[in-house]
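Below: the structure, in structure tokens.
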Number of protein chains: 2
Amino acid sequence: MLAEDQGMVRGALASLLGLEPDIEVVGEAATGPEALAVAERVRPDIALLDIEMPGMDGITAAGEIRRRVPECQVMILTTFGRPGYLRRAMEAGAAAFLVKDSPARELAAAIRRVLGGERVIDPGLAAAALSAGPNPLSPREREVLGAAVDGSTISDIADRLHLSEGTVRNYLSSAIQKTAARNRIEAVQKAQLQGWL
Amino acid sequence: MLAEDQGMVRGALASLLGLEPDIEVVGEAATGPEALAVAERVRPDIALLDIEMPGMDGITAAGEIRRRVPECQVMILTTFGRPGYLRRAMEAGAAAFLVKDSPARELAAAIRRVLGGERVIDPGLAAAALSAGPNPLSPREREVLGAAVDGSTISDIADRLHLSEGTVRNYLSSAIQKTAARNRIEAVQKAQLQGWL
DNA sequence: CATCGGCGATGACATTTGTCATCGCCGCCC
DNA sequence: GGGCGGCGATGACAAATGTCATCGCCGATG
């Protein structure tokens with residue numbers, strides 16, 4: 001089955017896989033929750049999930065699918081090969097991690113390898129994920145930094161998270177230092193690049 | 001011909017179009033300059049361009065292709081249906097503007113309509129583009145705001161653009177007001193949402 | 001020819017942001 | 001039991017950011 005929010009990309013991928021005689025697309029979904037529902041209903045051999053989806057991100061969906069449909073292998077197909085994404089995908093039990101800018105023919109090849117029991121990960125990406133180390137941000141730091149992505153002021157964030165302004169400043173400050181950034185914007189950029197948010 | 005930087009999406013779209021008996025993909029490109037070169041060489045009936053591409057964005061490439069290969073109709077296929085993108089695409093002479101989250105079958109239909117001499121634009125998007133009005137930012141304001149997206153400080157931007165710090169502050173301030181934002185981060189967000197950068 | 005807008009700059013000012021020291025309360029782990 | 005780290009808070013301080021008034025130089029436009 002195939003989960004991807006952009007209709008045109010989803011349809012195109014379905015057509016790509018339809019060319020392969022040994023592969024059949026048995027279900028499609030456009031959101032995280034929908035992916036979960038479809039997976040439970042059709043119980044496919046493979047679930048191919050995008051990460052950026054409305055409702056529930058593909059990695060969370062992957063974990064749920066692994067839990068509820070254990071015989072189904074989950075593969076992640078994403079635009080952004082961020083180290084933190086790869087790490088979280090692996091922890092969620094994914095069998096493969098593919099980026100959309102690799103050549104199209106690698107998709108069917110990867111599916112066959114997963115069906116054969118292998119795990120498929122871009123070697124360069126794996127190295128990056130390992131060398132980058134784990135997410136250094138504490139849960140609260142992540143939350144506060146995540147609340148800052150849209151340009152909210154300190155007092156906005158404090159209100160939204162029910163914290164004092166000083167506390168918000170402290171979390172932002174430590175997030176800035178842990179990401180080796182010079183201000184919150186750089187911190188957000190760097191954290192997103194690593195897949196830490 | 002097909003220009004799209006993500007290999008897997010490009011291949012999938014090619015396969016989707018390959019299903020249509022009256023459509024043939026005669027060339028592929030992964031970057032803006034490559035798209036231009038391929039268009040000049042194969043002189044296709046239609047060039048289907050993504051906007052976000054390395055080297056040269058799809059809208060600029062569209063203008064160049066229209067200029068150098070006048071018999072070729074250009075269609076834009078993009079992830080982001082931003083009003084400013086649509087406006088610029090039309091000014092560059094595009095015959096169609098499609099977003100990737102519409103259903104896959106609309107792609108072939110749109111191609112046929114363009115071949116029939118029609119222009120294809122999502123009505124909702126057209127309304128948004130017209131009601132949003134034109135880009136209110138002056139070229140310099142756009143440049144300065146664009147230099148602020150990555151979290152650069154005032155003095156970074158001043159150095160990069162060979163301006164005094166005070167001038168940079170003035171431009172940012174007026175960009176913030178024109179976008180009705182509260183700080184530069186919100187201004188960047190809003191401007192990007194509108195396709196003004 | 002006067003006006004308007006864009007460009008570039010300066011100086012002054014208020015506000016926001018980032019840093020640091022310090023505190024108390026937990027829970028965990030050696 | 002002591003140490004460590006996460007959580008939440010306060011106060012003080014320095015630095016960065018945003019605003020405003022004002023200036024001069026252009027080129028276009030009425």
Expressed as a whole number of angstroms, how long is the span from [X]:[atom1] to [N]:[atom2]?
X: B:K178; N: D:dG18; atom1: NZ; atom2: P; result: 17 Å
X: B:L145; N: C:dC7; atom1: CG; atom2: P; result: 14 Å
X: B:E143; N: C:dG6; atom1: CD; atom2: C1'; result: 13 Å
X: A:L163; N: D:dG6; atom1: CG; atom2: C1'; result: 13 Å
X: A:E165; N: D:dA12; atom1: CD; atom2: P; result: 16 Å
X: B:Y171; N: C:dT10; atom1: OH; atom2: C1'; result: 14 Å
X: A:R140; N: C:dC26; atom1: CZ; atom2: C1'; result: 15 Å

Handout entry: Atom CZ of B:R160: over 12 foreign heavy atoms under 6.0 Å
Key = yes
Practice task
Could you tell me whether B:R112 atom CZ has more than 12 heavy atoms of other residues or ligands within 6.0 Å of it?
Solution key: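 Yes, CZ of B:R112 has more than 12 neighbouring heavy atoms, counting only those of other groups under 6.0 Å.
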Handout entry: Phosphate OP1/OP2 of C:dA9: any B:T167 side-chain N/O under 4.0 Å
Key =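 So the side-chain polar atoms of B:T167 do come within 4.0 Å of the phosphate oxygens OP1 or OP2 of C:dA9, strictly under.
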Practice task
Check whether any side-chain N or O of A:S164 sits under 4.0 Å from OP1 or OP2 of D:dT10, and answer yes or no.
Solution key: yes
Handout entry: N/O donor-acceptor pair under 3.5 Å between B:R10 side chain and A:P103 backbone
Key = no
Exercise for the section: Enumerate, in order of first residue number, the stems that involve DNA chain C, defined as 3 or more consecutive Watson-Crick or G-U wobble pairs with both distances under 3.5 Å. Expected result: C:1-30 with D:1-30
Handout entry: Side-chain donor-acceptor pair present, B:E52, B:T79, cut-off under 3.5 Å
Key = no
Practice task
Find the distance between CG (B:L137) and OG1 (B:T179) and round it off to the nearest 0.5 Å.
Solution key: 7.0 Å
Exercise for the section: Could you please spell out the steps behind the side-chain contact (heavy atoms from CB on, under 4.5 Å) verdict for B:V188 and B:V149? Expected result: CA-CA 6 Å; B:V188 166; B:V149 294; 3.5 Å; yes
For nucleotides 18-20 of chain C, which of its nitrogen or oxygen atoms have a protein nitrogen or oxygen under 3.5 Å away, and what is each distance?
residue	atom	partner	partner atom	Å
C:dG18	OP1	A:R184	N	3.0
C:dG18	OP2	A:R184	NE	3.0
C:dG18	OP2	A:R184	NH2	2.9
C:dG18	N7	A:R169	NE	3.1
C:dG18	O6	A:R169	NH2	3.3
C:dT19	OP2	A:S173	OG	2.9
C:dC20	OP2	A:Q177	NE2	3.1
C:dC20	N4	A:N170	OD1	3.0

Practice task
Please determine if A:D156 and B:R182 form a salt bridge, counting it only when a charged side-chain N lies under 4.0 Å from a carboxylate O.
Solution key: yes
Handout entry: Salt-bridge contact B:E186-B:K190 (side-chain N to carboxylate O under 4.0 Å)
Key =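 Here B:E186 does not pair with B:K190 in a salt bridge, since their nearest N and O are not under 4.0 Å apart.
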Problem - B:R82 NZ/CZ over B:F80 ring centroid, <6.0 Å and within 45° of normal - result: yes
